[in-house]
Each structure stands twice: as structure tokens, then as C-alpha cells.
Amino acid sequence: MNDASSNRTPKIKIRGLSKAFGDKVVLDNVNLDIFPGESVLVIGGSGSGKSVLLKCILGLLHPDSGSIEVDGEEVVGLMGEDLDRIRRKFGMLFQNAALFDSLTVWENVAFGLIQGQGRPRAEARKTALEKLAAVGLGEDVGSLMPAELSGGMRKRVGLARAIATEPEIIFFDEPTTGLDPIMGDVIDRLIVKCVKQLGATALSITHDMASARRISDRTAMLYRGNIIWVGPTAEIDRSDNPYVDQFINGRAEGPIQMQVRAL
Amino acid sequence: MPILQPIGRTFLSFLEATGRLTLFTVIALSHCVRPPFYPRLVVRQMIEIGYYSLPVVGLTAIFTGMVLALQSYTGFERFSAESAIPNVVVVSITRELGPVLAGLMVAGRVGASMAAEIGTMRVTEQIDALDTLATNPFKYLIAPRLIAGLTMLPILVLIADIIGVFGGYLVSTQKLDFNPATYLKNTRDFVEVQDVVSGLVKAAVFGFLVTLMGCYHGYNSRGGAQGVGTATTNAVVSASILILCFNYFITELFFAR
Ligand SMILES: Nc1ncnc2c1ncn2[C@@H]1O[C@H](COP(=O)(O)OP(=O)(O)OP(=O)(O)O)[C@@H](O)[C@H]1O
Ligand SMILES: [Mg+2]
């Protein structure tokens, strides 16, 4: 699990994290370090618990056991003001965007600025429109309601909201799913820019291997509740791990058996 | 004893639900009194609960007042006690029917829509998103609704009292040949401060219960559209039952000797 960066203190340190829903074990003793300023990608089959992992770190789901440290501070079991203080470090793009449907698009993007940081509305609106422009959405879109947007537009608004407060740590849950290939590339560049220019730490989930190679420094593969492989994304083709090989090449035959029955 | 097992289990799950609701209430109340506050949201909820409930509460009140006068006339006529009608109307409206009927109507209107709105926010992860944006959902969603419910229902009930008494007056003077001046004088003479105050206290409690049930069931809804539907039903049913229960106990508190 350790690699060249092990001499630094991790931004996020996950140890022995387990989470089950009823009898269904989703995460089983997950260990992962994410270092400051790096972009880590989590890959894994659909339903393998990638989104659950992100929600555990954010304290949206309570793990059954294990420890999660952010900047050396234990966050499992944290509540109230303390948890809010930690959460101010984070930005999150939800898999289904999770826009507030009673607010306009720009109010969604400005939400963290106005409510979280107490900035004046006019100033927050200006920042929100800048972030919207960065994800390719014009000022006219800013005054629409989320229900009036297409799926890909919603995703980009969610992305703009996640980066609007310029957080230290940003989680992207499938940022490019549902976008056309060109916009996908634009978003990938935006993510890289956030990490490189703002010095943010990023944890992303994607199924798109081309996008994965563009946005991440390291990749971790989640399988059956465990991180079975971690390594630099550049070396993912030489992982010598049959599970990883099968996954990144998208083959139906291999050690990973999908629970399907032929028609 | 296999027969004791289901009883025990039901009892335990009842205790668990009660505990969860109590905890929810305590947390919600603590956020009502601690800053930051969201005055814009409180005002929006006040308009939603108070202003938009006026037509339905007003209609309920006027017809209730009218039917009260008519019914008590047919009853009291037999004992030549028609002069008690203003008394019956004003006391029943201010003490019981005003707050209870307004509470039930608001439970159907406001409690249901709160449960549906918050429930939808829960199942579409909007509440999670609020959390990640370091905004407490109790402060942002629940406290403004509770405050609005607590303050607007007494105002609604006060208006309903007036409209209800007016309904009785209308039927008595137009249909039952009462003298308008005497009717009003009798109404004024009979009504006591305690009647109105007990009704307004009830209204505040009912407003709190309705919004609490709407928020609680919405906040804890699970699953998709079906879960939201269940939450909405539960919010209305539980609020209605609680209103009728609390109505009895508040009455006992005020009037039992
Ligand atoms: N709130 C919940 N209650 C019960 N089970 C849940 C809940 N959230 C997730 N799960 C279960 O946990 C498992 C992992 O879910 P998760 O959303 O993390 O998958 P994922 O890896 O993000 O998949 P995808 O790539 O399709 O988004 C799923 O099998 C799901 O059924
Ligand atoms: Mg997911």
C-alpha cells in the first residue's frame, strides 16, 4: 500500500473501514491513504461500494468500524460544529448531482459561498457565474431551475457547486458520465486544473478509463469490499493483477464474475 | 411463550420509535433557538403555512359556525332555550372546533407537503448535499418550518374563531330570526378570555405537531417515490391523531377542576 509518497502525512487516512447494510457487506476493512495535492481515482464494478466509501469519509454514512483521519484528525463519530468544520474542507460532486430543486442554478452553485461562508449574495452570484462559465454554462443557464436542465447540464452544475468554494479536498463521483466526449475532456481538464492550480486534493470515481488516465495520479481498485490494488495510474497497464487487467480492458471473461445469467 | 414474543417485539419497536422521535424533537428545538437563523426561510414558511391556508381554514370555520347554530337551534328549540345559541357557538368554536379543525386542515395541507418536499430531498440526496455544504438541515429545513407552524397556527385560529362566530351569526340572524344586536351582545357576554386563550395555546401546539410530523417523516423517508408517499401518509395520519390526543389533554389542563 505504501509507495514513494509515504514520507508525507496523508490528507486522508483510512484504516480498517467497514460498512454493511443489513447482511450486505459493502466495505470490508478498507485501507487507503490520500496525500496532499494528489489526485486519486477509485475504480471498481457497479455496486462495489465506491459511492459508499466517499459518503463514509464525508460523514454522511456512519461506518460500522474503522478510522478515517482528515489532516490527522479523526472524523468518525464527529458531530455538530466539529463535523461542519471538517466538511468545509470538502467539495462533493454527487453521482446524480443532487441539486437543490427549489433554488435556481446560480443559487445552487453559490450555496456554499452564501450559507457556508456568509458571503454577500451579489459577490457570490458573480463567483457562481464564473464557475458556471468554467463548466461551459452561460449566464442564461444561471437563472434556470434544475428541473429545466439536461442530465449532462445537471452534472456540470453539480461540478461547479463542488468547486465554487475552492475546497481543499474535492470528491468527484463519476464527473464525466453522461457527457459528450468533448465536454468530458473539458471537464477532465477542469479537474486537473483544480488539482494543479488550486493545490486541491482530489478523490474521483469513474468508469471511463481514458478519463481516468487524464485526471489521476494514482488508482485504487475496489473489489468485494477491499482495495485489491493501488498504484500509479501510469503503471496500471503493468499492474500484474488479473482483476485490474480485466477491469481496465473491459472483458467479460476473467476472475471477476458478474452475477448474470445468460438469456 | 410464543405469544409474548410478538407483543414484546412490538413494544420494543414502539419504544425505539418514541426514542427516535424524542431525539429528533430535542435536536430540532435546540436548532430553533441557536444561531445562525434563516429569517428569509422563516418568512417564506410563514406565508406558506399562514397565508395560503387562509381560504381552506376560513371555509371550514364559516360552515362549522353555520351548522353549529342550525343544529343547536333544532336541539334547544324543544326546551325553549334558543337564547343559548350564541353561547354554544362561541364557546365550541373558540375552545374546540376552531383549533382542532384548523389543525386538521393544516395537517392535510401543510404537513403533507412538508413531508413530500423534505422526503424528496432525502431520497434525491439533497439533504446529503446540504450536509456537505456545511449547512445543517435541521437549521435550514426544519427549524424555519417549526417556528412558522408554532406562530402561524394561533393567528390562523384567531381568524377562524372570528369567521366561525360570524357563520353562526349569519345563520341565526338570517334564518332563525335572531336580533343581530342581541346575538352579538350575548356572544360578547358569554365568551371568556380563557376560552380564546386555551384555543390559541392548542393552536400553537397543533402547529408545532403538524410541522414536526411533516419534517420527521420526510427527513426519515427511505427509498424512492414510494417511500416519500408513505412518509406523506404517515405525516398526516400521525399529526391528526396527535392533534386529537393533545386536544383532550390540553382541555383537561385548562378546564378540569
Ligand atoms: N443507503 C443504502 N442502503 C442500503 N444499501 C445501500 C445504500 N447505499 C448503497 N447501498 C448498497 O451498497 C452497495 C454499493 O453502493 P454504491 O452506491 O457505493 O455503489 P458504486 O460502487 O458507487 O456503484 P456505481 O458505480 O454503480 O455508482 C450497493 O450494492 C447498494 O445496494
Ligand atoms: Mg456510485
Worksheet item: Is it the side chain or the backbone of B:Leu130 that comes within 4.5 Å of chain A heavy atoms, both, or neither?
Response: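 Its backbone and side chain both get close to chain A.
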Discussion item. Which atoms of B:Thr132 are under 4.5 Å from chain A, going by heavy atoms: the side chain, the backbone, both sets, or neither?
Written reply: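 Both parts, heavy atoms under 4.5 Å.
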Does the distance from a Lys or Arg side-chain N to an Asp or Glu carboxylate O, for [X] and [Y], drop under 4.0 Å?
{"X": "B:Glu16", "Y": "B:Arg9", "result": "no"}
{"X": "A:Asp33", "Y": "A:Arg15", "result": "yes"}
{"X": "A:Arg85", "Y": "A:Glu81", "result": "no"}
{"X": "B:Glu125", "Y": "A:Lys55", "result": "yes"}

Discussion item. Once you measure the plane-to-plane angle for B:Tyr38 and B:Tyr140, does it fall in the parallel (<30°), tilted (30-60°) or perpendicular (>60°) bin?
Written reply: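 The rings of B:Tyr38 and B:Tyr140 stand perpendicular, inter-plane angle above 60°.
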Discussion item. Tell me whether the rings of B:Phe24 and B:Tyr216 are parallel (<30°), tilted (30 to 60°) or perpendicular (>60°).
Written reply: perpendicular
Given that the side chain runs from C-beta out, which part of [X] has a heavy atom under 4.5 Å from chain B: side chain, backbone, both or neither?
{"X": "A:Leu83", "value": "neither"}
{"X": "A:Phe90", "value": "backbone"}
{"X": "A:Leu103", "value": "side chain"}

Discussion item. What I'd like to find out is whether the side chain of B:Leu133 reaches to under 4.5 Å of the side chain of A:Arg161, using heavy atoms alone.
Written reply: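 A side-chain contact under 4.5 Å exists here.
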Using atom types as modelled, flag every donor-acceptor pair under 3.5 Å from a side chain in residues 111-118 of chain B to any protein atom, sequence neighbours excluded.
residue, atom, partner, partner atom, Å
B:Ser113, OG, B:Val110, O, 3.2
B:Glu117, OE1, B:Arg145, NH2, 3.1
B:Glu117, OE2, B:Arg145, NH2, 3.4

Fill in: Close approach to chain B in residues 58-70 of chain A, criterion heavy atom under 4.5 Å
A:Leu58, A:Leu60
